[in-house]
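Written below as structure tokens is the structure these notes are about.
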Amino acid sequence: MKVAKFGGSSMATATQLQKVGNIIKDDPARKIIVVSAPGKRATDDVKVTDLLIQLGEAYINGESYEESYEKVLSRFREIIEDLMLEPSLLEDIEKTVNEAIRKPISSISKLDALKSIGEDSSAKILSAYLRSIGLEASYLNPKDAGIIVSNDPGNAQILDDSFSKIYALREKVGILVIPGFFGYTEQNELMTFSRGGSDITGSIVAAGVKATLYENFTDVDSVYTVNPTIVDDPKEIKTLTYREMRELSYAGFSVFHDEALIPAFKEQIPVCIKNTNKPHLPGTLIVAEKKPNEKCVAGIASDTGFSSLYVSKYLMNREIGFGRKLLNILEDEGISFEHAPSGIDDMSVIIRDSKLTRDKEEIIKRRIYDELHPDTIIMHRDLAMIMVVGEGLVSTIGVAQKATTALATSNVNIEMINQGSSEVSMMFGIKAVDLNRAVKSLYQVFFD
Ligand code: ASP
């Protein structure tokens, strides 16, 4: 039994849904289908989820919401009419939107309820379409599928009890179409996962039913060795391990949601990233282990938007609790950190810019001065991180030398180097302005 998840671009138009229908028809093992909300039809288009958020925010702020309301419905109207499905489907969607708007619930729950309608409607439409082409298919609400989640609106986490309930889906007859992106709490409240969370639903369901494969259909042929917007036509990755994918998706590889790997990884379900527009291509397979002779570096990930808080104090290495106290200050101020490379007398804490307003920066610096009495505190903004990722790093000599030589040759100053204890990745902190040049030079030495 395979679980197939189709992303927003696969659900964006009637033509895309027809491709989805053919893919499902092609392989009887594709028994459980998870879908996203309709995504962008072109680069300047707006995703249905974003339209629903606009609608919810306008309603909550007492502003006029009619325009977003009409935009949401017209996206579904277009798909339903083009597929020549029953008009009652649209009436049902309209009713669901109106109920979510009017329901007397908190603003945050209202927003979650509205956000979920994109996926929910997609699943209803796809199941109706599959029936119209002669397949036995039904819509299954996440509650009935057994997806029980924590009470964190917009960031729900799956509860362990779900998995045994989901296992029972194996007994169901026909194809099941489940909306991605949301589940229900034990108190029956609807909660969405973080953005892009339909991947998470797919992985949860694949782990729950112990699928032989979790197929994640998107709009790219495979995962690439490097960001294709930086390097033209980069090489494709055929196989990745879970650990490599985790490291790559952390720093900018957005093909697959980083949280989505966990359920598949726990049950060791292979994940295949494929293209809905070219389903005959093999895509990228993510598995627990690779053959040892495969390339040492699997990919190069990169992302901007980092800051580094540098703190130094003479004899820091002898001061018990220095690092803990420094990180405690961040914890008190509600800031998570990414890495904390340290030397004998200094420590850098890498933080995502999005978590660090200028006001917070001032508060943190003041507290560090007052509580830790350091010699220096410097905040470096506008940094980028580059990760060279590969299981082979642990046993290959000269990877760091190759990488640093490439960076030096392209005249990029390295602000920070960090090799995680797992030795699956090597990380370089550089100035964001140097990013493209740095990534191109690394790609050249490792892949060209
Ligand atoms: N529709 C949701 C989003 O745009 C979830 C998803 O597509 O995976 O974030």
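Whatever order the structure lists them in is the order used to number ligands and atoms, beginning at 1.
Of the polar atoms of F181, none of the N or O atoms is found under 3.5 Å from an N or O of ligand 1, judged by distance alone. Residue-to-ligand polar distances keep D199 apart from ligand 1: every N/O pair is separated by 3.5 Å or more. Residue contacts with ligand 1: R195 is placed with a nitrogen or oxygen under 3.5 Å of a nitrogen or oxygen of the ligand (distance criterion only).
Contact check on K274 versus D219 returns no salt bridge, with no Lys/Arg side-chain nitrogen under 4.0 Å from an Asp/Glu carboxylate oxygen. A salt bridge is defined here as a Lys NZ or Arg NE, NH1 or NH2 lying under 4.0 Å from an Asp or Glu carboxylate O, and K238 with E236 meets this definition. Salt-bridge annotation for K115 and D112: present, with a side-chain N of the basic residue lying under 4.0 Å from a carboxylate O of the acidic one.
In this structure, the protein non-hydrogen atom closest to atom 6 (C) of ligand 1 is S198 OG, 3.4 Å. Nearest non-hydrogen protein atom to atom 5 (C) of ligand 1 is E119 OE2, 3.4 Å.
A donor and an acceptor atom, one from each side chain of S194 and H257, are located under 3.5 Å apart. For the residue pair S198 and T201, no side-chain donor N or O sits within less than 3.5 Å of a side-chain acceptor on the partner. A side-chain N or O of S150 and one of D152 form a donor-acceptor pair less than 3.5 Å apart. Neither side chain, E186 nor N151, offers a donor N or O lying under 3.5 Å from an acceptor on the other.
Counting heavy atoms under 4.0 Å from ligand 1, residue K47 touches it through the side chain alone.
Using a 4.0 angstrom heavy-atom cutoff, G8 does not count as in contact with ligand 1. Ligand 1 has no atom lying under 4.0 Å from any heavy atom of G180.
Atoms of ligand 1 found under 4.0 Å from any heavy atom of S36, numbered from 1 in the order shown, are 6 (C), 7 (O), 8 (O). Counting the atoms of ligand 1 from 1 in the order shown, those under 4.0 Å from a heavy atom of G196 are 3 (C), 5 (C), 6 (C), 8 (O), 9 (O).
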